[in-house]
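Quick notes on the structure that follows.
Model, not experiment: these values are computed from the prediction.
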Amino acid sequence: ASAATRRIGRRDRNRWAYRRNLEAAVAREDSTEAAQHRALVAGSAALPGRGMHATGEAREGQRLQPHVAGTADLGEEHALAAEQDAGQAALDRLFQLLSIESGSTDPAYHSACLEAAEWCAKDLRDIGFQARVEPTSGKPMVVGHWRGAASPLRVLFYGHYDVQPPDPLEEWTAPPFAPRLAEDPKSGEVIVARGASDDKGQVMTFLEACRSWLAVHGRLPVDVTVLLEGEEESGSRSLPAFLDSCGEELKADICLVCDT
């Protein structure tokens, strides 16, 4: 098989299966099952699609095939077009975050860390979360809440917006905070930038999945709290005091730690 055929992989086979099931449910006029399969079609587009790749300390790549906007009332051709448009928009958002030089170990990047925190809070609000930037003695925390699910369960998602320093700069083949797509011999198309796989790529994958689910269903299946810190790469010095003062609002049934 050609390289392009091999790269189709399990994700695309699943999407084809979801779409066949969706067509069958529509033909049976089963609206409940059709809605479930529409969500699967949308969710499969939110899951990784580009190769995760890291070489040494100076190169990072993150799989990301972002979400599809609401397709419940669209025909197949319009749904595919919407999926492509939404995918590019999500990629643009990831690239915006990757371009912020939010290294927490160097005081010279402190203002960039503040910028990254504000960017994440705004993106959460754009999705539909109530979000704020909470000051600490060091880098601020980003706290976001989505409430209104029918389920009593609550999920806490943890990630961080700070990144490792990009040194040694001479090992980079392009500026570390100028994200770009590149071809890797083993992984295919990858995203290369500092923070792409630790941890901005993972953070944005989760946020884009929430965006997709809300676009299709109007609400998430469980209540979700998002906590993003800015000192994970420098020892999380402000985290204990923050948890002492704000831990009650972070209580959850499940905690998802998405980091490398």
Are side-chain heavy atoms of Ile100 and Tyr109 found at a separation under 4.5 Å?
no

Gap between atom CZ of Phe129 and atom CG of Asp123 - 0.5 Å precision
10.0 Å

Output yes when Asp126 and Arg211 qualify as a salt bridge under the 4.0 Å nitrogen-oxygen rule, no when they do not.
no

How long is the straight-line distance from OG of Ser111 back to CD of Glu101, given to the nearest 0.5 Å?
9.0 Å

Calculate, to the nearest 0.5 Å, the distance between atoms CZ and CG belonging to Arg194 and Leu98 respectively.
11.0 Å

Show the nearest heavy-atom pair for residues Val192 and Ala182, with the distance to one decimal.
CG2-CB, 3.9 Å

Straight-line distance of Leu153 CG to Asp223 CG, nearest 0.5 Å
9.0 Å

Heavy-atom pair with the smallest gap, counting every atom of Val143 and His145:
CG1-NE2, 3.6 Å

Closest non-hydrogen atom pair between Thr105 and Ser234, with its separation:
CG2-CB, 4.0 Å

Are side-chain N/O atoms of Lys200 and Ser102 paired as donor and acceptor at under 3.5 Å?
yes

Distance from Asp259 atom CG to Gln202 atom CD, nearest 0.5 Å?
6.5 Å

Before giving the answer on side-chain contact (heavy atoms from CB on, under 4.5 Å), spell out for Trp119 and Val133 the whole-Å C-alpha distance, their side-chain angles and the decisive distance to 0.1 Å.
CA-CA 10 Å; Trp119 190 97; Val133 175; over 6 Å; no

Would you say the side chain of Met141 lies within less than 4.5 Å of the side chain of Thr136, judging by non-hydrogen atoms?
yes

Do Val257 and Val224 land in one hydrophobic cluster if side-chain heavy atoms of ILVMFWY residues count as linked below 4.5 Å?
no

Tightest non-hydrogen contact, residues Lys139 and Gly230, listed as CG-O, 3.4 Å

So, Arg237 versus Ser104: side-chain donor-acceptor pair below 3.5 Å or not?
no

Looking at Arg154, Glu249, Arg147, which one forms a side chain to side chain donor-acceptor pair (under 3.5 Å) with Thr225?
Arg147

Ile191 and Leu91, any side-chain heavy atoms less than 4.5 Å apart
yes

Tell me, do Val226 and Leu124 make a side-chain contact under 4.5 Å, heavy atoms counted?
yes

When rounded to the nearest 0.5 angstrom, what is the spacing between CG in Leu94 and CG in Leu207?
10.5 Å

Pairs where residues 174-210 contributes a residue and the test ring pair (Phe, Tyr, Trp, His ring centres under 6.0 Å) is met, not counting sequence neighbours
Phe157-Phe206

Could you walk me through whether Gln130 and Trp146 pass side-chain contact (heavy atoms from CB on, under 4.5 Å), step by step?
CA-CA 6 Å; Gln130 293 183 340; Trp146 189 92; over 6 Å; no

If you define the side chain from C-beta out and look only at heavy atoms, does anything of Pro176 sit under 4.5 Å from Leu169?
yes

Please report the C-alpha distance between Asp199 and Glu233 in whole Å, then the side-chain angles of each, then the deciding distance to 0.1 Å, and finally whether the side-chain contact (heavy atoms from CB on, under 4.5 Å) criterion is met.
CA-CA 10 Å; Asp199 182 42; Glu233 302 291 5; over 6 Å; no

Donor-acceptor side-chain pairing of Asp92 and Gln96 below 3.5 angstrom:
no

Do the side chains of Val203 and Val155 join up, straight or via other hydrophobic residues, at under 4.5 Å, putting them in one cluster?
yes

Grab the two heavy atoms, one from Cys120 and one from Leu97, that are nearest each other, plus how far apart they are.
SG-CD1, 4.0 Å

Check whether any side-chain heavy atom of Leu227 sits under 4.5 Å from a side-chain heavy atom of Val142, and report yes or no.
no

Is there a path of hydrophobic side-chain contacts, each under 4.5 Å between heavy atoms of I, L, V, M, F, W or Y residues, that connects Ile254 with Leu156?
no

Between His160 and Glu231, do the side chains contain a donor N or O and an acceptor N or O under 3.5 Å apart?
no

Check whether any side-chain heavy atom of Pro165 lies under 4.5 Å from a side-chain heavy atom of Asp106, and answer yes or no.
no

Under a 4.0 Å N-O cut-off, is there an ion pair linking Arg93 with Glu208?
yes

Will you find, in the side chains of Tyr158 and Glu229, an N or O donor that is under 3.5 Å from an N or O acceptor?
yes

Heavy-atom pair of closest approach, residues Leu228 and Tyr161:
O-CE2, 4.0 Å

A side-chain contact here means heavy atoms from C-beta on lying under 4.5 Å apart; do Val190 and Leu181 qualify?
no

Same apolar cluster: Leu114 and Phe242, side chain cutoff 4.5 Å
no

